[in-house]
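Counting starts at 1 for both ligands and their atoms, in listed order. Along the sequence shown, residues are numbered consecutively beginning with 1.
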Amino acid sequence: MSFALGLTGSIGMGKSTTTQMFADEGCALWDADAAVHRLYSEGGAAVKPMGAAFPSAIVGGAVSRDALKQIISNDPAVLRTIESIVHPLVATDRSRFRENATADILVFDIPLLFETGGDMVMDAVVCVSASAEEQKRRVMERGTMSEAQFDQIRAKQMPNDEKCARSDFVIVTDTLDHARAQVQDVVRQIRAGMADA
Ligand SMILES: CC(C)(COP(=O)(O)OP(=O)(O)OC[C@H]1O[C@@H](n2cnc3c(N)ncnc32)[C@H](O)[C@@H]1O)[C@@H](O)C(=O)NCCC(=O)NCCS
Ligand SMILES: Nc1ncnc2c1ncn2[C@@H]1O[C@H](COP(=O)(O)OP(=O)(O)OP(=O)(O)O)[C@@H](O)[C@H]1O
């Protein structure tokens with residue numbers, strides 16, 4: 001039986017980078033944002049229901065993120081409707097991965113892990129964390145969101161301190177080397193626990 005490790009953290013805190021480090025240690029990865037990308041792409045399971053709710057969001061047979069961001073900035077309340085369509089489809093994708101994966105540790109990169117109650121079905125949770133200033137700097141540097149869009153997304157997320165307090169492990173993503181050392185330590189602890197069990 002594999003060990004299910006949920007990995008979460010607020011926007012721009014270093015989830016993708018840190019999850020990749022878990023892969024380097026031999027863990028199998030599942031990424032909620034990547035699942036959403038698959039669901040939104042042409043032929044993806046979200047295209048039909050999203051098109052029914054937001055016809056202007058469908059461009060070239062796929063859900064357009066730019067169109068969605070425009071729709072959300074006109075009316076922030078629609079994010080709820082989007083979530084009610086997308087989250088059940090994401091949950092199905094995650095269950096399918098879990099049933100088929102064979103690695104000893106499965107890492108689930110889920111931005112909204114606590115917000116959606118996903119922590120309940122994990123064996124442990126790790127939160128990635130950096131300072132609020134660093135977080136904003138990173139997201140702005142990426143250039144894919146306006147400051148208003150960033151503030152809106154961040155306001156919807158559970159505060160960083162609360163996420164860290166509820167997690168079994170916290171990984172500080174101040175430098176790559178420091179984060180990698182912490183990842184290796186977490187993997188060591190989990191494997192030691194599995195060997196004892
Ligand atoms: C709002 C959208 C269009 C922005 O797309 P874009 O490509 O610019 O950003 P991306 O998807 O990479 O998201 C960036 C980060 O925003 C945060 N975020 C995304 N959606 C949400 C949400 N509904 N609530 C809180 N935070 C969110 C996550 O930390 C994510 O890592 C897109 O994120 C979306 O369709 N979200 C709804 C689906 C969802 O809830 N996804 C979250 C993972 S299940
Ligand atoms: N340990 C680290 N040390 C230094 N920089 C880091 C570290 N981890 C991540 N970063 C940098 O921070 C930025 C955001 O990282 P990443 O994309 O992994 O975050 P994320 O939490 O997955 O973001 P999002 O929630 O927006 O999907 C990237 O530019 C990345 O290079």
What do we get for Thr116 next to ligand 1 when only non-hydrogen atoms under 4.0 Å count, side chain, backbone, both or neither?
neither
For ligand 2, give me the residues whose heavy-atom distance to it is below 4.0 Å, by chain and number please.
Ser10, Ile11, Gly12, Met13, Gly14, Lys15, Ser16, Thr17, Asp33, Arg138, Arg142, Thr173, Asp174, Thr175, Leu176, Ala179
Under 4.0 Å, heavy-atom basis, I'd like to know which part of Ile110 is in contact with ligand 1: side chain, backbone, both or neither.
neither
Counting heavy atoms only, name the option from Arg142, Met158, Arg65 that's nearest to atom 9 (O) of ligand 1.
Arg65
Ligand 1 to Thr144 polar contact by distance, N or O atoms, under 3.5 Å
no
Can you find an N/O atom of Ser10 closer than 3.5 Å to an N/O atom of ligand 1?
no
Close side-chain approach of Pro111 and Lys15, heavy atoms under 4.5 Å
yes
Plane angle bin for Trp30 and Phe97 - parallel if under 30°, tilted between 30 and 60°, otherwise perpendicular:
tilted
Pairs in or reaching into residues 102-112: which pass side-chain hydrogen bond (donor to acceptor under 3.5 Å, both in side chains), with residues at least two apart or in two chains?
Thr19-Asp109, Asp104-Arg191
Minimum distance, heavy atoms only, to atom 31 (O) of ligand 1: which one of Leu39, Leu89, Asp33, Val36 is it?
Asp33
For Arg96, is the CZ atom crowded, meaning more than 12 foreign heavy atoms sit under 6.0 Å from it?
no
Looking only at heavy atoms of Ile72, does any of them come nearer than 4.0 Å to an atom of ligand 1?
yes
Going through the distances and angles, do Gln70 and Asp66 end up as a side-chain hydrogen bond (donor to acceptor under 3.5 Å, both in side chains)?
CA-CA 6 Å; Gln70 192 57 51; Asp66 286 339; over 6 Å; no
Side chains of Ser10 and Asn160: do they bring a donor and an acceptor to under 3.5 Å?
no
Is there a heavy atom of His87 sitting under 4.0 angstrom from any atom of ligand 1?
yes
Can you list the residues that meet the side-chain hydrogen bond (donor to acceptor under 3.5 Å, both in side chains) rule with Gln20, with sequence neighbours excluded?
none
Filter on salt bridge (Lys or Arg N to Asp or Glu O under 4.0 Å), then keep only pairs touching residues 157-166, sequence neighbours left out; what's left?
Glu115-Lys163, Asp119-Arg166
